[in-house]
Amino acid sequence: MEVDKGKGEAEETRKVAEADRDTVTLKSSDGKLFEVSKEAAARLSTVLAGMIAGGSIDDNGTDLKQIGSEALENVVDYCNKHANSIPSAALISSSISFNTAPFKEPEEWERKFVDRLSHDALFDLVEAANFLGMERLLDVTCHKISEMMKGKSPDQIREVFNIKNDYTKEELEEIRQELAWAFYDD
Amino acid sequence: MAPPPPMLMEEVLLRFPPHEPALLVRVSLVCKRWRRLVWGPSFRRRFRELHRTPPMLGFACNILDEDRMMSSFVTSTRFCSPDAGLIGGYRPIDARHGRVLLQRFRNPGDALVLWDPIADERRELPLPPRFTSRGFLWTAAVLCDADGACSHLNCHRGPFLVVLLASGSGKAFICTYSSDAATWSDPIAMEHSTDQISHCSWVQTLLVEEVWP
């Protein structure tokens, strides 16, 4: 794969990746290269784990055309911060087999990690986590968005997230009456 | 700002706290698409799988009030089915896997009733032949009867078993009701003396998974 030779920093990253087999190099849709711990990438992303196992990792930077550089930088940052934590497989203790580990509340560092993101960066990161099959990052980012809705009325949520109300007044009133217990505070 | 990616809204709604069901009801009023998501059967299945341990939304209890047995459903979070607080005339016997087994002791007469507190649906079960709830000391348990290993996250509308243990007239027996067969098994006489199980009405049932076939 062709790497833009004009970008000294990217070239440097490539050399480091080749020299150190503990990492893999990922390439964003806008051509920027990022280095991530191979162990953390394989543990946190089912898609990257599959690519590593299948030998389809490109030393010159594995193309991730669906992910922009800002989101990929956050993905890599998250993986590297997570590198020393407990393997997610250890969370699965039930004898019944499930597709995913059970949801656990984000840890303090994970909260801080998503709190600093703008709304747009957060949504881009949700999409990147979903694309890469990163269940834990999906938990952390989606939990953050769910917290942004907590304590807000449907009107306020529509305003914050720019969503169009397609209910009629009558339809809303009907649901409110049917499920009055959920609306005591209003 | 741009709305959350529509394809990923389900992922966001799945991370709402299970012990606060009112929050999900409230966000379903944002737009019809969110309502369809939250109220769809696949969302409920995924929600249970993701959160695994079901939240405690309330409990049924029996209260002895001036010699009268009163029963009540007490909500422990903001959650309430249409007339969940009103189970007068019923006595909770057992609860497991999303089902509550009630004894109805008033109009229109003695019966075992299976109650789904979330949907507030009740299903009357016949009593075993030659059994009356007043002529015996007895207790009963309800459990899931799904084939194979069941996670018990979404089986509350599936097949179930009721196990009844009773003693009276010098005899003790056990019999089971299967929802698939919709009948009671023949009673199995027990070797224990009736004295040994005469207090069974006061004992909470316990499901020992490894022993059950």
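Chain identifiers are assigned alphabetically (A, B, ...) following the order of the sequence lines, protein sequences preceding nucleic acid strands; residue numbering begins at 1 within each chain.
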- line: Separation between CD (B:Glu49) and CZ (A:Phe103), nearest 0.5 Å, reads 16.0 Å
Over 12 foreign heavy atoms within 6.0 Å of CD, A:Glu174: no
field: Residue part contacting chain B, namely of A:Asn130, when any heavy atom lies under 4.5 Å
entry: side chain
- prompt: So, do A:Asp166 and B:Arg33 sit near enough that their side-chain heavy atoms are less than 4.5 Å apart?
  reply: no
field: Salt-bridge criterion met for A:Lys144 and B:Glu11 (N-O under 4.0 Å)
entry: no
message: Measuring only between side-chain heavy atoms, which start at C-beta, is A:Met149 closer than 4.5 Å to B:Phe16?
response: yes
query: Do other residues, nucleotides or ligands put more than 12 heavy atoms under 6.0 Å from the CD atom of A:Glu105?
result: yes
- prompt: What is the distance from atom NE2 of B:His51 to atom NZ of A:Lys104, rounded to the nearest 0.5 Å?
  reply: 12.5 Å
message: For a 4.5 angstrom cut-off between non-hydrogen side-chain atoms, does B:Val27 reach A:Lys150?
response: no
- prompt: Within the distance-only criterion (no hydrogens, no angle test), does the side chain of A:Arg158 pair as donor or acceptor with the backbone N or O of B:Val30 below 3.5 angstrom?
  reply: yes
- request: Give the intermediate values and the outcome of side chain to side chain contact (heavy atoms under 4.5 Å, CB included) for residues A:Arg176 and B:Leu29.
  value: CA-CA 9 Å; A:Arg176 279 174 180 275; B:Leu29 260 62; 3.9 Å; yes
query: Side-chain contact, heavy-atom cut-off 4.5 Å: A:Ile157 with B:Trp34?
result: yes
message: Looking at A:Glu70, I'd like to know if its CD atom is crowded, meaning that more than 12 non-hydrogen atoms belonging to other residues, nucleotides or ligands lie closer than 6.0 Å.
response: no
- prompt: From A:Cys142 SG over to B:Leu8 CG, what is the distance, rounded to the nearest 0.5 angstrom?
  reply: 6.5 Å
- request: Could you look at A:Lys152 and say if it's the side chain, the backbone, both or neither that has a heavy atom under 4.5 Å from chain B?
  value: backbone
- prompt: Which region of A:Ile163, side chain (C-beta onward) or backbone (N, CA, C, O), has a non-hydrogen atom less than 4.5 Å from a non-hydrogen atom of chain B, or is it both or neither?
  reply: side chain
task: Heavy atoms only, distances under 4.5 angstrom: which of A:Leu138, A:Ile145, A:Asp155 has the most pairs with chain B? Name it, please.
output: A:Leu138
message: A quick test of your reading: do over 12 heavy atoms of other residues, nucleotides or ligands sit less than 6.0 Å from NZ of B:Lys32?
response: yes
statement: Cut-off 4.5 Å, heavy atoms of chain B, and the answer for A:Glu171 is side chain
- request: Examine whether an atom of B:Ser28 lies under 4.5 Å from a heavy atom of chain A, and if so say whether it belongs to the side chain, the backbone or both; otherwise answer neither.
  value: backbone
- request: Could you look at A:Ile175 and say if it's the side chain, the backbone, both or neither that has a heavy atom under 4.5 Å from chain B?
  value: side chain
